[in-house]
*Asks:* 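Handing you this structure, nothing more for now.
Every chain is numbered from 1, with letters handed out A, B, ... down the list of sequences. These numbers were taken from a predicted model, which means no experiment stands behind them.
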Amino acid sequence: MPWSVLEALRNNPELLIESMKKRCMDPKPVYEAIEVDREWRRLLQEVERLRHEHNKITKEIAKAKDPEERKKLIEKAKEIIRMKEELEKKLKELERKREEILLSLPNLVHPSVPEGCDDDHNVPVRFWGRPKVWKGHLKQFEEQTKRWGFEVDHEVLEERPVGHADMLEKVLRLGDTYKAAQVASSRFYYLFKDLVWLDYALMMYAMDYLSKKGFILVEPPYMLRYKVLRGVIDVETFKDAIYKIENEDLYLIATSEHPLAAYKMEEIIDESRLPIRLAGVSPCFRKEAGAGNRDLKGIFRVHQFHKVEQFVFARPEESWDVLEELIRNAEELIKGLELPYRVVNVCGGELGAPAAKKYDLEVWYPAQGRYRELVSASNCTDWQSYRLRIRYRIKGGKKHDYVHTLNSTALATTRTITAILENHQLPDGRVRIPKALRKYLEPFEAAPKEYIEPWEGV
RNA sequence: GCCGGGGUCGCCUAGCCUGGCCAGGGCGCCGGCCUGCUAAGCCGGUGGGGGAAACCCCGCGCGGGUUCAAAUCCCGCCCCCGGCGCCA
């Protein structure tokens, strides 16, 4: 019984209940799960006893030579089957219910996760860079820094910068979300010229960085089956994020995390191969059904974008170190883009069901006057590996155990572009390209090198 | 998409026609014996679940069915290989 949630359910339910409370969830399903699991085990024993009876008779029949005796035994066997089938029906129903509840339970929360139900309670752990703060935002800037005891050096702007959406559509004119809305729907976009180069340069930059760190580049399937997806996300994510292909058991991926996790589905990994570091490269498709009217303008929150993703299969004892490694990698990438950021430890109420702990990396948006999420790094411990049956063979031991899975954004292109548009804009309407991207633009004659220039349109 | 062959305990493989007798063997791994050490050799273990334990149940791609009894027979689905068709 190695899955930590089931283990806790039976031996330490307090832990699960505390976890649920920390997530601002009703702990009722836990009590229900305990009850159903107990009843399931009780009934299972009864059924197994009858199965045993039946198995014994079956063996006797096989040996019996006398036709009369045979007949009698078969009658007896049928009698047992009648009883067995009745109980088995009940057991099956209970099993279905037990499965349903177990799969609905979120992961156990790590002790270092802050209390709180909304992102107001996310706790900043460190800041980097020198944000440009418009004088009208100084108060809210302090709310996001000083309130948490951080003294963040910043530059005060007299003029309010242009928002990323206006930069895109009105100043640079390198994006068109209005036409995209007409032909697809809102939250789609056309990107042109320099921003297309920028999109691909960002991808290459992240791919290059992660490869050097020993991550294996992976282009995964962009669609998955239901049962696979169910192993890596919770119902809420399913509802709000996932597009389905009509008349097929296929769903568009919301992130390459999902096909990467599934890569080792139903396998036993040799311990000597762990940790396995993967860098997923893919488009992502998201319904954003729960987003309402938030961030409707521009390309901050869109239905499709490109992303390089870090994903790791790790031994349980090393996974917490790996989480730190993943967020540090993301930080290095954002530093290279010269974007001021902070890292927050996400509070219990804002954790997704699979995550035991999550760091968000939030970049400062000078026109909006707030830090906004560009990167999210989670340790999902054994929540996904239990569902996908991904285990590892422990060296020197006999037992198998579930691996831990971790994931973190490296770079998501459209959102990163918005951060660049807002942070690196110049008074003349151009946008400065961070030097780190230079390498990935240099080989192409038509690609911009130092600045993104406004355009007159098609 | 059509036709044919196949999917067995970490890997390889036997069993399927002819239903019952722990799913047999090899490799790998773990433990023990032996040994100055290593190798070889020998013995045992090596999937999931329930049970305090003894022990029991389930497991041969997945799901149904037939039968007292299914890896084995029947039906549906998934996947792999070969051939044909289509195709960036």
*Asks:* Quantified in whole Å, what is the C1' atom distance between nucleotide B:G76 and nucleotide B:G20?
*Replies:*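 Pairwise C1' distance, B:G76 against B:G20, rounds to 27 Å.
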*Asks:* Could you check whether any side-chain N or O of A:Glu422 sits under 3.5 Å from a backbone N or O of A:His164, counting only pairs where one atom can act as donor and the other as acceptor?
*Replies:*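 Yes: the side chain of A:Glu422 pairs with the backbone of A:His164.
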*Asks:* Which protein N or O atoms sit under 3.5 Å from an N or O of nucleotides 7-11 of chain B?
*Replies:*
unit_1	atom_1	unit_2	atom_2	d
B:G10	O4'	A:Arg393	NH1	3.3

*Asks:* Can you tell me how far C1' in B:G24 sits from the matching atom in B:G31, rounded to whole Å?
*Replies:*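 These two C1' atoms come out 23 Å apart once rounded.
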*Asks:* Would you measure the distance from the P atom in B:A14 across to the matching atom in B:U8 and give it in whole Å?
*Replies:*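 After rounding to an integer number of Å, I get 10 Å for this pair.
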*Asks:* Between B:G63 and B:G7, how far apart are the two C1' atoms, rounded to whole Å?
*Replies:*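 Roughly 16 Å separates the two C1' atoms.
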*Asks:* Among residues 95-105 of chain A, which ones have heavy-atom contacts with RNA chain B below 4.0 Å?
*Replies:*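 Heavy-atom contacts with RNA chain B come from no residue of residues 95-105 of chain A; none.
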*Asks:* Where along nucleotides 63-70 of chain B does protein come under 4.0 Å, by heavy atom, of base (B) or sugar-phosphate alone (S), with - for untouched nucleotides?
*Replies:* -S---BS-
*Asks:* May I ask you to say whether A:Arg38 pairs ionically with A:Glu35, meaning some side-chain N is under 4.0 Å from a carboxylate O?
*Replies:*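 A salt bridge links A:Arg38 with A:Glu35.
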*Asks:* A:Met265 CE to B:C78 P: how many Å, rounded?
*Replies:*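 In whole Å, B:C78 P and A:Met265 CE are 15 Å from each other.
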*Asks:* How many whole angstroms separate atom CG of A:Leu91 from atom C1' of B:C58?
*Replies:*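 Result: 11 Å.
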*Asks:* Treating primed atoms plus P, OP1 and OP2 as sugar-phosphate and everything else as base, which nucleotides of nucleotides 51-57 of chain B get B, S or - for protein heavy atoms under 4.0 Å?
*Replies:* S----BB
*Asks:* For A:Met25, enumerate each residue passing the side chain to side chain contact (heavy atoms under 4.5 Å, CB included) test, keeping only those at least two apart in sequence or located in another chain.
*Replies:*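 Side chain to side chain contact (heavy atoms under 4.5 Å, CB included) check on A:Met25 returns A:Met20, A:Arg23, A:Pro106.
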*Asks:* Using whole Å, report how far CD of A:Glu88 lies from P of B:G50.
*Replies:*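 One finds 18 Å between P of B:G50 and CD of A:Glu88, rounded.
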*Asks:* Is the cationic atom of A:Arg438 (NZ for Lys, CZ for Arg) positioned less than 6.0 Å from the six-membered ring centroid of A:Tyr440 and within 45 degrees of its normal?
*Replies:*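 Verdict for A:Tyr440: no cation-pi partner in A:Arg438.
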*Asks:* Work out how far the C1' atom of B:G59 is from that of B:A70, and round it to whole angstrom.
*Replies:*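 It comes out at 13 Å once rounded to the nearest Å.
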*Asks:* I'd like the C1' distance from B:C30 over to B:G19, given in whole Å.
*Replies:*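 B:G19 and B:C30 have their C1' atoms separated by 36 Å.
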*Asks:* Which whole-number value in Å describes the distance from A:Glu60 CD to B:C21 C1'?
*Replies:*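 Atom CD in A:Glu60 sits about 15 Å away from atom C1' in B:C21.
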*Asks:* Is A:Cys24 close enough to A:Cys117 that their SG atoms are under 2.5 Å apart?
*Replies:*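 Yes - the two cysteines, A:Cys24 and A:Cys117, have SG atoms within less than 2.5 Å of each other.
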*Asks:* Output all residues satisfying side-chain hydrogen bond (donor to acceptor under 3.5 Å, both in side chains) with A:Asn379, sequence neighbours left out; order by chain, then residue number.
*Replies:*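 For A:Asn379 the side-chain hydrogen bond (donor to acceptor under 3.5 Å, both in side chains) partners, ignoring immediate neighbours, are A:Ser319.
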*Asks:* Please determine whether a side-chain nitrogen of the Lys or Arg among A:Glu325 and A:Lys213 lies less than 4.0 Å from a carboxylate oxygen of the Asp or Glu.
*Replies:*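 No.
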*Asks:* Using atom CZ of A:Arg389 as one end and atom C1' of B:G59 as the other, report the distance to the nearest whole Å.
*Replies:*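 Computing the A:Arg389:CZ to B:G59:C1' distance gives 13 Å.
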*Asks:* Under 3.5 Å, is there a donor-acceptor pair between the A:Thr381 and A:Asn107 side chains?
*Replies:*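 Judged by distance alone, the side chains do pair up.
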*Asks:* Restricting to side-chain hydrogen bond (donor to acceptor under 3.5 Å, both in side chains), what partner residues turn up for A:Thr405, sequence neighbours left out?
*Replies:*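 Partners of A:Thr405 by the side-chain hydrogen bond (donor to acceptor under 3.5 Å, both in side chains) criterion, ordered by chain and then number, come out as A:Gln384.
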*Asks:* Identify, with sequence neighbours excluded, every residue that meets side chain to side chain contact (heavy atoms under 4.5 Å, CB included) alongside A:Asp176.
*Replies:*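 Result, side chain to side chain contact (heavy atoms under 4.5 Å, CB included) vs A:Asp176: A:Glu169, A:Tyr178, A:Lys179, A:Tyr190, A:Phe192.
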*Asks:* Rounded to whole Å, how long is the line connecting atom CZ of A:Arg225 with atom C1' of B:C79?
*Replies:*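 Whole-Å distance recorded here is 7 Å.
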*Asks:* Tabulate below the donor-acceptor pairs under 3.5 Å that side-chain atoms of residues 444-457 of chain A make, not counting sequence neighbours, or state none.
*Replies:*
unit_1	atom_1	unit_2	atom_2	d
A:Lys449	NZ	A:Phe444	O	2.9
A:Lys449	NZ	A:Ala447	O	2.6

*Asks:* For A:Met203, what residues pass the side chain to side chain contact (heavy atoms under 4.5 Å, CB included) criterion, not counting sequence neighbours?
*Replies:*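 In terms of side chain to side chain contact (heavy atoms under 4.5 Å, CB included), with neighbours along the sequence ignored, A:Met203 is linked to A:Asp199, A:Met207, A:Val281, A:His306, A:Val308, A:Thr413.
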*Asks:* Looking just at side-chain N and O atoms, do A:Thr237 and A:Asp234 make a donor-acceptor pair shorter than 3.5 Å?
*Replies:*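 Looking only at side-chain atoms, A:Asp234 and A:Thr237 do form a donor-acceptor pair, the distance falling under 3.5 Å.
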*Asks:* Could you give the distance separating B:A71 and B:C55 at their P atoms, to the nearest angstrom?
*Replies:*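 About 24 Å, rounded to a whole number of Å.
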*Asks:* If I take atom OH in residue A:Tyr226 and atom C1' in nucleotide B:C78, what distance separates them, rounded to the nearest angstrom?
*Replies:*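 So the OH-C1' distance, A:Tyr226 to B:C78, works out to 17 Å.
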*Asks:* In whole Å, measure the gap between the P atoms of B:A40 and B:C21 for me.
*Replies:*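 Going atom to atom, P in each nucleotide, I get 36 Å.
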*Asks:* Any chance you could encode RNA chain B as dot-bracket? Rule is Watson-Crick or G-U wobble with both distances under 3.5 Å; [ ] for pairs crossing earlier ones, | for another strand.
*Replies:* ((((((((.[[[[.)....(...]]]]((((((.......))))))((((....))))..[[[[[..)....]]]]])))))))....
*Asks:* Is the shortest side-chain N to carboxylate O distance from A:Glu53 to A:Arg49 below 4.0 Å?
*Replies:*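 Not counted as a salt bridge, because no side-chain N and carboxylate O are separated by less than 4.0 Å.
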*Asks:* Do we see a donor-acceptor contact under 3.5 Å between the side chains of A:Gln310 and A:Asn329?
*Replies:*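 Result is yes, a qualifying pair exists.
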*Asks:* Do A:Lys357 and A:Ser112 get their side chains close enough for a donor-acceptor pair, meaning under 3.5 Å?
*Replies:*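 Judged by distance alone, the side chains do pair up.
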*Asks:* Pairs in or reaching into residues 250-290 of chain A: which pass ring-ring contact (aromatic ring centres under 6.0 Å, His included), with residues at least two apart or in two chains?
*Replies:*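 Every pair satisfying ring-ring contact (aromatic ring centres under 6.0 Å, His included) with a residue in residues 250-290 of chain A: A:Phe238-A:Tyr251.
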